[in-house]
**Student:** 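Please see the structure below; I have some questions.
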There are 2 protein chains.
Amino acid sequence: MATIKEIADMANVSRTTVSRVLNDSGYVSKDVRQRIMKVIEETGYVPSEHAKSLRTKKTKVIGVILPKISTETSSRLVAGIDDILSEKGYQILLANTNLDQEKELEFIKLLKVRQVDGIILTATNVNERLVQQINKTDIPLIVIGQEVDSVSNVLYDDYHAARAVVSLFIQKGHEAISFIGVDESDVAVGHLRKKGYIDEMTQHGLTVEDTWIQKGIFDIESGYEAMKKIIETSTHTPTAIFAVTDRLAVGAINYLKEKGYQIPEDMAIAGIGASEISQYVNPPLTTVDYQNEAAGKAAAKLLIESIETNKKEPKKITLDYRLLVRDSV
Amino acid sequence: MATIKEIADMANVSRTTVSRVLNDSGYVSKDVRQRIMKVIEETGYVPSEHAKSLRTKKTKVIGVILPKISTETSSRLVAGIDDILSEKGYQILLANTNLDQEKELEFIKLLKVRQVDGIILTATNVNERLVQQINKTDIPLIVIGQEVDSVSNVLYDDYHAARAVVSLFIQKGHEAISFIGVDESDVAVGHLRKKGYIDEMTQHGLTVEDTWIQKGIFDIESGYEAMKKIIETSTHTPTAIFAVTDRLAVGAINYLKEKGYQIPEDMAIAGIGASEISQYVNPPLTTVDYQNEAAGKAAAKLLIESIETNKKEPKKITLDYRLLVRDSV
DNA sequence: TTTTGATGTGGAATCGATTCCACATTGTAC
DNA sequence: GTACAATGTGGAATCGATTCCACATCAAAA
């Protein structure tokens with residue numbers, strides 16, 4: 001791989017001049033410029049990014065920290081991010097925490113060392129140490145999906161989405177509505193969606209039995225188990241189930257079908273996420289579309305803005321959701 | 001961000017010595033080592049990757065070129081790759097071609113410039129220019145899913161998988177088996193799977209009518225259209241459908257259901273890919289599991305081996321497949 | 001006592017770019 | 001004809017590490 005010096009020698013000019021052509025800065029005469037261009041063409045020379053980064057402190061790389069790579073949410077998000085970023089000549093450096101909280105911290109450090117121009121963090125739960133680490137990071141950083149005061153966020157409207165789902169059930173005449181959630185340390189999915197559920201119920205004067213609220217851990221299996229618990233332990237069997245993710249809902253459906261329940265006649269059910277399977281379960285699942293790709297795009301745009309203008313004040317964007325009403329209610 | 005010089009000054013030693021501690025190479029006395037360590041601790045110093053890369057020509061970054069980010073295949077693949085890579089301290093730099101052939105070439109160049117330590121390329125179709133570009137790349141490179149002579153490959157056994165599916169149909173008594181494929185410029189998915197289909201049919205002395213073979217373009221919609229064509233144009237309506245991807249199969253199912261066909265009674269159907277929806281369509285789809293995650297892992301291992309041993313001879317790995325027989329046949 | 005080899009440390013070149021400054025040439029206005 | 005700005009080019013420092021080589025100690029071997 002050739003270097004700028006070699007190009008300079010071949011074109012009989014100094015490195016400075018080659019550099020000028022490369023970045024078209026400063027004055028270079030037509031003649032010289034063409035001579036240099038020609039040499040560059042012929043040799044297929046491309047400047048080393050590392051040398052450039054070392055000097056300029058810019059890398060054109062954005063670090064993206066994900067809780068898990070192989071989920072629809074993540075891959076849609078990344079698709080959205082990449083869509084905007086690639087347009088602006090940035091590339092994505094992937095960091096997969098595999099739901100390990102420690103790794104979030106580690107990766108932020110690692111990405112700093114690599115001098116990425118910016119970081120997009122999809123956080124699951126936000127603890128004190130993470131916030132500290134975020135605050136002492138001078139690299140532009142966007143957090144998706146969870147609120148962190150000091151930086152820009154792209155947020156889903158978990159609270160209102162949850163209320164909308166419950167509201168739909170109530171409209172359809174349901175009163176005994178049960179809930180499958182996740183741990184509340186996940187503020188967005190665990191806490192806010194639950195709060196939406198509780199508030200909507202309360203506002204309509206509906207009571208919630210303790211056994212109607214169960215927890216899972218994001219996978220289909222635990223949705224099945226949660227549903228089982230609800231059915232087996234409730235004195236009043238509910239007539240509707242609100243699961244905070246589609247996968248949990250699918251698990252619940254599996255259990256209900258196994259026990260001979262008709263959906264939606266015997267039990268209505270809805271999830272959140274608009275995952276692909278939600279269309280193909282039987283009956284098609286009512287869900288909320290969070291438009292992750294749009295979220296990714298929004299985050300990328302925020303980040304680029306922040307990088308290019310070097311502005312500090314954090315912006316908060318709350319995205320729209322769409323309730324997809326299908327046959328499961 | 002501190003530099004090695006500052007650390008050296010604070011510890012009253014030379015940069016050389018600090019570097020020695022950092023990489024534990026050469027001789028450093030206990031005293032000095034501890035003194036330096038202490039300063040490093042206190043300042044939270046971490047060496048700049050760029051300066052390091054500039055000097056050592058190593059980046060601990062692997063470029064991964066994907067045809068499309070947000071597909072199950074890709075995300076599983078990446079998950080597998082990351083699994084192995086992160087263990088060895090490598091990170092992934094993502095490059096998404098969005099099915100644009102030109103971009104494959106571009107990205108290979110770009111990744112070179114960024115001096116990645118290796119490249120994993122998931123190619124869709126392999127043309128002359130791509131092979132040329134690959135050959136003149138001195139960076140270790142693995143191609144997944146398509147055969148390229150000069151480099152290491154991780155391959156799916158498309159041909160035999162296709163035969164296995166067709167064989168299953170035949171076993172179940174089907175003779176009129178039709179085929180929904182994709183363009184044959186995609187050697188693996190388009191050509192090999194078709195060849196497997198044809199060969200298996202021929203070997204059993206079964207004839208294939210022209211109209212039984214239709215093409216789609218990887219999405220559900222085109223599966224629907226292909227199925228429609230088969231039904232509408234065939235003089236002999238087939239009794240089984242082999243679609244080369246699950247999505248195509250799902251599209252076909254949608255059409256068949258719409259027209260009142262019972263699956264598998266009136267029409268048996270199978271796909272390839274073991275995508276998540278394949279479990280949740282009704283009836284569950286018979287398909288082939290290619291274990292993409294395993295493929296990703298295999299590719300990553302090959303790549304690391306190639307990087308660390310600096311060996312050249314290309315290796316070919318053909319992965320196992322599993323036929324998942326479900327209610328659709 | 002001298003040699004030798006292991007141990008310990010620093011100086012300075014190097015990687016491949018960018019960029020500040022100095023200097024040279026040309027054109028234009030007074 | 002002089003002054004001054006605009007234009008064009010190169011020298012050399014710089015970014016932050018690694019690494020070759022030289023040099024200094026010191027203990028054990030000859």
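Since the structure is predicted, the reported quantities are computational estimates derived from the model, not experimental observations.
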**Student:** Distance check needed: C/dG8 C1' versus B/R15 CZ, whole Å only.
**Tutor:**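 So the two atoms are 18 Å apart, to the nearest Å.
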**Student:** NE2 of A/H50 versus C1' of C/dA17: gap in Å, rounded?
**Tutor:** 12 Å
**Student:** For the backbone of A/K68 and the side chain of A/S74, can you confirm whether one donor and one acceptor N or O come within less than 3.5 Å of each other?
**Tutor:** yes
**Student:** Working note: B/I142 + B/V151, criterion side chain to side chain contact (heavy atoms under 4.5 Å, CB included); need CA distance, chi angles, decisive distance, verdict.
**Tutor:** CA-CA 6 Å; B/I142 311 280; B/V151 296; over 6 Å; no
**Student:** From the options C/dG10, D/dG16, C/dA17, select the nucleotide whose nearest atom is closest to the side chain of B/S14.
**Tutor:** C/dG10
**Student:** Which whole-number value in Å describes the distance from B/E49 CD to D/dC15 C1'?
**Tutor:** 15 Å
**Student:** Angle between the two end axes of the helix from C/dT1-D/dA30 to C/dC30-D/dG1, five base pairs per end, rounded to 10 degrees?
**Tutor:** 60°
**Student:** Between the side chain of A/D186 and the main-chain N/O of A/A188, is any donor-acceptor distance below 3.5 Å?
**Tutor:** yes
**Student:** How many Å lie between NZ on A/K5 and C1' on C/dT18, as a whole number?
**Tutor:** 16 Å
**Student:** Check the side chains of A/S185 and A/D183 for a donor-acceptor pair under 3.5 angstrom, ignoring hydrogens and angles.
**Tutor:** yes
**Student:** Starting at atom CG of B/N12, determine the distance to atom P of C/dG8, rounded to an integer number of angstrom.
**Tutor:**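 Checked: the CG to P distance equals 19 Å.
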**Student:** Give me the residues of residues 17-24 of chain A where at least one heavy atom lies under 4.0 Å from an atom of DNA chain D, by number, or none.
**Tutor:** A/T17, A/R20
**Student:** Please report the C-alpha distance between B/K112 and B/I139 in whole Å, then the side-chain angles of each, then the deciding distance to 0.1 Å, and finally whether the side chain to side chain contact (heavy atoms under 4.5 Å, CB included) criterion is met.
**Tutor:** CA-CA 7 Å; B/K112 273 191 200 172; B/I139 299 175; 3.8 Å; yes
**Student:** If you take atom types as modelled and just measure distance, does the side chain of A/T16 reach the base of C/dT18 with a donor-acceptor pair under 3.5 Å?
**Tutor:** no
**Student:** Under 4.0 Å between any heavy atoms, over every strand shown, what does B/K57 touch: base, sugar-phosphate, or nothing? Just pick one.
**Tutor:**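 It contacts sugar-phosphate atoms only.
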**Student:** Verify the contact: side-chain N or O of B/Y27 to OP1 or OP2 of D/dC26, cut-off strictly under 4.0 Å; return yes or no.
**Tutor:**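 The answer is no; no side-chain N or O of B/Y27 sits under 4.0 Å from OP1 or OP2.
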**Student:** Once you measure the plane-to-plane angle for A/Y290 and A/Y156, does it fall in the parallel (<30°), tilted (30-60°) or perpendicular (>60°) bin?
**Tutor:**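 Parallel.
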**Student:** Would you mind reading off the distance between B/D31 atom CG and C/dG8 atom P, rounded to a whole angstrom?
**Tutor:** 10 Å
**Student:** Near B/E41 CD, under 6.0 Å, is it more than 12 heavy atoms from other residues, nucleotides or ligands?
**Tutor:** no
**Student:** Any idea which of D/dA17, C/dG8, D/dC15 is nearest the B/S29 side chain?
**Tutor:**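 Closest nucleotide to the B/S29 side chain: C/dG8.
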**Student:** Grab the CZ-P distance between A/R33 and D/dG10 for me, whole Å please.
**Tutor:**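 About 14 Å, once rounded to whole Å.
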**Student:** Nearest whole Å is fine: how far is C/dT18 P from A/R55 CZ?
**Tutor:**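 Those two atoms, CZ and P, are 9 Å apart.
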**Student:** For the side-chain contact (heavy atoms from CB on, under 4.5 Å) test, which of A/L94, A/V64, A/T97 pairs with A/F107?
**Tutor:**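 Testing A/F107 for a side-chain contact (heavy atoms from CB on, under 4.5 Å) against A/L94, A/V64, A/T97 leaves exactly one candidate, A/T97.
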**Student:** Using salt bridge (charged side-chain N to carboxylate O under 4.0 Å, His left out), reason through A/D83 and A/K297 one step at a time and then give a plain yes or no.
**Tutor:** CA-CA 7 Å; A/D83 198 42; A/K297 287 187 187 179; 3.5 Å; yes
